[in-house]
Amino acid sequence: QVQVVEVGGGLVQAGGSLRLSCTASGLTFGEYAMGWFRQAPGKEREAVSCITWSSTTYYLDSVKGRFTTSRDNPKNILYLQMNSLKPEDTAMYYCAVKSSDYCSGSWTLIHEYTSWGQGTQVTVSS
């Protein structure tokens with residue numbers, strides 16, 4: 001059974017930084033692309049980033065240049081480094097396992113992801 005757990009959320013002032021971590025178990029981690037999503041109150045869940053098995057990355061336009069996704073395949077860990085945070089980044093952040101090892105063409109589609117974590121809250125104060 002695949003288990004996904006995110007940690008690292010918290011409260012930060014605008015302009016600050018946070019690093020989220022996600023551990024996935026019960027699968028061969030290096031064989032899957034991984035994604036980060038977020039959902040703000042009253043809004044739909046949106047894809048923030050995707051990283052292929054070989055660490056090619058894709059980003060939501062509004063986070064490009066501020067967020068960086070990386071992975072450590074031997075340790076089964078996914079990271080999201082968030083810099084220059086803005087109040088509009090406030091959301092519950094989720095890590096998810098994609099159904100394939102690639103991101104291109106489908107990385108923003110929720111149904112392309114098979115296993116999800118419980119989420120970690122990120123709150124950015126102005």
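Everything numeric in this text was worked out from a predicted model, so none of it was measured. Position 1 is the first residue of the sequence, and the numbers go up from there.
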Mind checking whether Met92 and Ile110 sit in one hydrophobic cluster, side chains of I, L, V, M, F, W, Y counted as touching below 4.5 Å?
yes

Side chains of Gln118 and Glu6 in contact at under 4.5 Å (non-hydrogen atoms)
yes

Do Leu18 and Val124 belong together in a cluster built from hydrophobic side chains that touch within less than 4.5 Å?
yes

Chi angles and distances behind the side-chain contact (heavy atoms from CB on, under 4.5 Å) call for Arg38, Val122
CA-CA 9 Å; Arg38 67 185 181 187; Val122 172; over 6 Å; no

Answer yes or no: does atom CH2 of Trp107 have more than 12 heavy-atom neighbours from other residues, nucleotides or ligands under 6.0 Å?
yes

May I ask you to establish whether Arg45 and Tyr94 are in a cation-pi arrangement, using a distance under 6.0 Å from NZ or CZ to the six-membered ring centre and at most 45° from the ring axis?
yes

Which heavy atom of Gly30 sits nearest to which heavy atom of Arg71, and what is that distance?
CA-NH2, 4.0 Å

With a 4.5 Å cut-off on side-chain heavy-atom distances among I, L, V, M, F, W and Y, is there a chain of contacts connecting Ile51 to Leu27?
yes

Going from OG on Ser55 to CE on Met34, what distance comes out if it is rounded to the nearest 0.5 angstrom?
12.0 Å

Do Thr57 and Tyr59 make a side-chain contact, defined as non-hydrogen atoms from C-beta onward lying under 4.5 Å apart?
yes

Going by distance alone, is a donor N or O of one side chain under 3.5 Å from an acceptor N or O of the other, for Lys98 and Thr52?
no

Side-chain heavy atoms of Glu46 within contact of Leu60, under 4.5 Å:
yes

Between Leu20 and Thr120, is there a side-chain heavy-atom distance shorter than 4.5 Å?
yes

Ala91 to Ala40 - nearest heavy-atom pair and separation:
CB-N, 3.8 Å

Students often mix this up, so state it plainly: with edges at 30° and 60°, are the rings of Phe37 and Tyr113 parallel, tilted or perpendicular?
perpendicular

Which atoms form the tightest heavy-atom contact between Ser106 and Glu112, and what is the distance?
O-CG, 3.5 Å

Under 3.5 Å, is there a donor-acceptor pair between the side chain of Ser100 and the main chain of Tyr102?
yes

Electrostatic pair Asp89-Lys86, nearest N-O below 4.0 angstrom:
no

Shortest non-hydrogen contact between Cys95 and Leu78, atoms and distance:
SG-CD2, 3.6 Å

Could you check Glu31 against Asp101 for side-chain contact (heavy atoms from CB on, under 4.5 Å), going step by step and ending with a plain yes or no?
CA-CA 6 Å; Glu31 293 184 352; Asp101 61 0; 5.8 Å; no

Interatomic distance, CZ@Arg66 vs CD@Gln81, rounded to 0.5 Å, equals 12.0 Å

Any side-chain heavy-atom pair of Ser49 and Leu80 under 4.5 Å
yes

How long is the straight-line distance from CZ of Phe29 back to NZ of Lys75, given to the nearest 0.5 Å?
12.5 Å

Aromatic ring proximity Trp36/Phe67, centre distance under 6.0 Å
no

Min side-chain heavy-atom separation Arg19-Asn83 under 4.5 Å:
no

Distance-minimising heavy-atom pair for Gly16 and Val12:
CA-CG2, 3.8 Å

Spatial distance of atom OG1 (Thr90) from atom CG (Leu85) [nearest 0.5 Å]
8.5 Å

Val97 vs Val4 side-chain heavy atoms within contact, under 4.5 Å
yes

Is it the case that atom OH in Tyr32 sees more than 12 heavy atoms from other parts of the structure closer than 6.0 Å?
no

Note, Met82 side chain near Ser17 side chain (heavy atom, < 4.5 Å):
no

Working to the nearest 0.5 angstrom, can you tell me the gap between Ile77 CD1 and Thr23 OG1?
4.5 Å

Closest non-hydrogen atom pair between Val2 and Gly26, with its separation
CG2-O, 3.7 Å

